[in-house]
Amino acid sequence: MVPAPHTADSEAALDQPQEAALDQAQQAGLGDMDVEAFRRAAHATVELMADYLAGVERYPVLPQRQPGELRPLFPASPPEQPESIERILADYRTLVEPNITHWQHPGFFAYFSSSGSGPGILGEMLMATLVANAMLWRTSPVATELEEVTVDWFRQALGLPGGADGFTGFYTDTASTSSLIGLAAARQSSGRDVAAEGLVEAPRLRVYASAEAHSSIEKACMTLGLGRAGLRRIPVDDAYRMDVAALEAAIAEDRAAGLVPCAVVATLGTTGSTSVDPVDAIVAVCRREGLWLHVDAAYAGVVALIPERRGPFAGWEAADSIVINPHKWLFTPLDCSLYLTRRPDAARAAFSLVPEYLRTRDQDLPVHDFNESTPQLGRRFRALKMWFIVRYFGLEGLRSRIEAHIELAQRFAAWVDDEPDAERLAPTPFSTVCFRWRPARFSGHTAEPEVAAYLDGLNEALMARLNAGGEVFLSHTVLAGRLTLRLAVGNLRTEARHVERAWALVRELGPQLDAEREAATEAGAA
Ligand code: PLP
């Protein structure tokens, strides 16, 4: 595969790094980059960016590099003398761009495929230019108020209630941070002022999440002093959804043992299989037991933008906190996670600390100083790119793209179902297909240990061969002990032809690898 070509404009701007002069500020050793030099370099950078987006498909999705191969390409010590921006950009083009894993590639089907849209990238550029720090209203009034506005746009668009008992929220960097905040708020609401007193001599708190919940929930428990032992994993049913009867039994058992149940995490769209916990039934348990309900909808939450597809979310409007990641499936360049809560005071109680140097007169007015609800102080102006994205696509445009991804995934799922030598390993409620190559001769025998081991090895090899080819990138999980390939559709640039190609490659390589491995086994046995 050939690296993406760059246009004459970007070549002209970047191809004479040797001759490029230092700008006046560099020569003087004082002040920022000369503004006119910045203007020229910014135009050249935009050319690079547009060329990249236009040509990203020409790259292999995964750079064909080995660990440790890249570091020697860069000088081991920093430059003492200034270098021209032309040289830096030229090095970016040759050393950085080809050596990244191309998340923007339409063949990126791994993890939860995510992509940055044009308006999102433009918003990021302007955000960087303003260097707004949205820690206090005073430090960035429009950042704070546009955050309130766009968060409320999302609330409405997701069909969640507003008003006195409804949802408000803010943006954080990641779902990991949003869930940390949700669980910190839960901990703060569990009968003790943990922010003031800590957990010394506190009763042991318990958080409940399904066996399939994301590791960020466990990390939040580690960070919040509950420990990994403070998280009780609840078994799942055969569709990987939390078993609510088991949840109730676990809570009763913990109470009897003197532990204090604190929160339940329901995942709507788990990372492995995208299963949906029965949130309606979990709400009833939380109400009865007086527990905080945190909903992790980091990946799938955006599907609720489509009113006809809100079925799996029924009940989430009763949650205390919800996390949804625009940087997963809402065409937002990393980073942006949306934290929504019906109990904003709890996160504030968990994190508010206002030293004298952060006091402003505005605090006597009804303003949001969002840092009071988060572990960190400095905050990016993420609302700017979200404003660009929602306005550029419109809710209709966002819905039609998400819908198209769901349809592509459903098509792939149907191909798997129709293929006697493959099988689907989980339902496909959204845009991620869990499957494996399973030659028909093994049908009915997959539980036999030798067959199970053979299929795991075959699919591991299939994934490696698919990913080495450069056209697609798939990742895996383990479901019910079986190595499972995942094809996640969510990239703006992915079209039907890319999903068709992925399936064609699976159908070509699956039998090929099966034959190779069979031959190797026979040769070994002979
Ligand atoms: N929750 C779920 C369900 C996820 O799938 C992921 C990541 O894939 C996360 C949380 C963590 O997301 P982040 O990387 O934004 O912390």
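Order of listing sets the numbers, starting from 1, for every ligand and every atom in it.
- Side-chain contact, His327 with Thr332: no donor N or O sits under 3.5 Å from an acceptor N or O.
- At the shortest separation from atom 7 (C) of ligand 1 among protein heavy atoms lies Lys328 NZ, 3.0 Å.
- Heavy-atom distances between Ser216 and ligand 1 reach below 4.0 Å in at least one pair.
- Closest to atom 13 (P) of ligand 1 among all protein heavy atoms lies Ala175 N, 3.6 Å.
- Within the 4.0 Å heavy-atom shell around ligand 1 one does not find Tyr299.
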- Task: Let me see the working for His214 and Thr270 under side chain to side chain donor-acceptor pair (under 3.5 Å), right down to the final yes or no.
- Result: CA-CA 7 Å; His214 190 260; Thr270 57; over 6 Å; no
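- In Asn325, the part holding a heavy atom less than 4.0 Å from any atom of ligand 1 is the side chain.
- We find the OG1-CH2 distance between Thr144 and Trp137 to be 8.5 Å, quoted to the nearest 0.5 Å.
- Because its NZ or CZ atom is both nearer than 6.0 Å to the ring centre of Phe112 and within 45° of the ring axis, Arg486 counts as a cation-pi partner of that residue.
- Using a 30° and 60° split on the angle between ring planes, Phe435 and Trp503 fall in the perpendicular class, above 60°.
- Checking side-chain atoms of Asp277 against main-chain N and O of Met242 turns up a donor-acceptor pair under 3.5 Å.
- For Asp296, every heavy-atom contact with ligand 1 shorter than 4.0 Å involves the side chain, none the backbone.
- Under 4.0 Å from ligand 1, not a single heavy atom of Tyr111 appears.
- Considering only non-hydrogen protein atoms, atom 4 (C) of ligand 1 sits nearest to Thr271 OG1, 3.3 Å.
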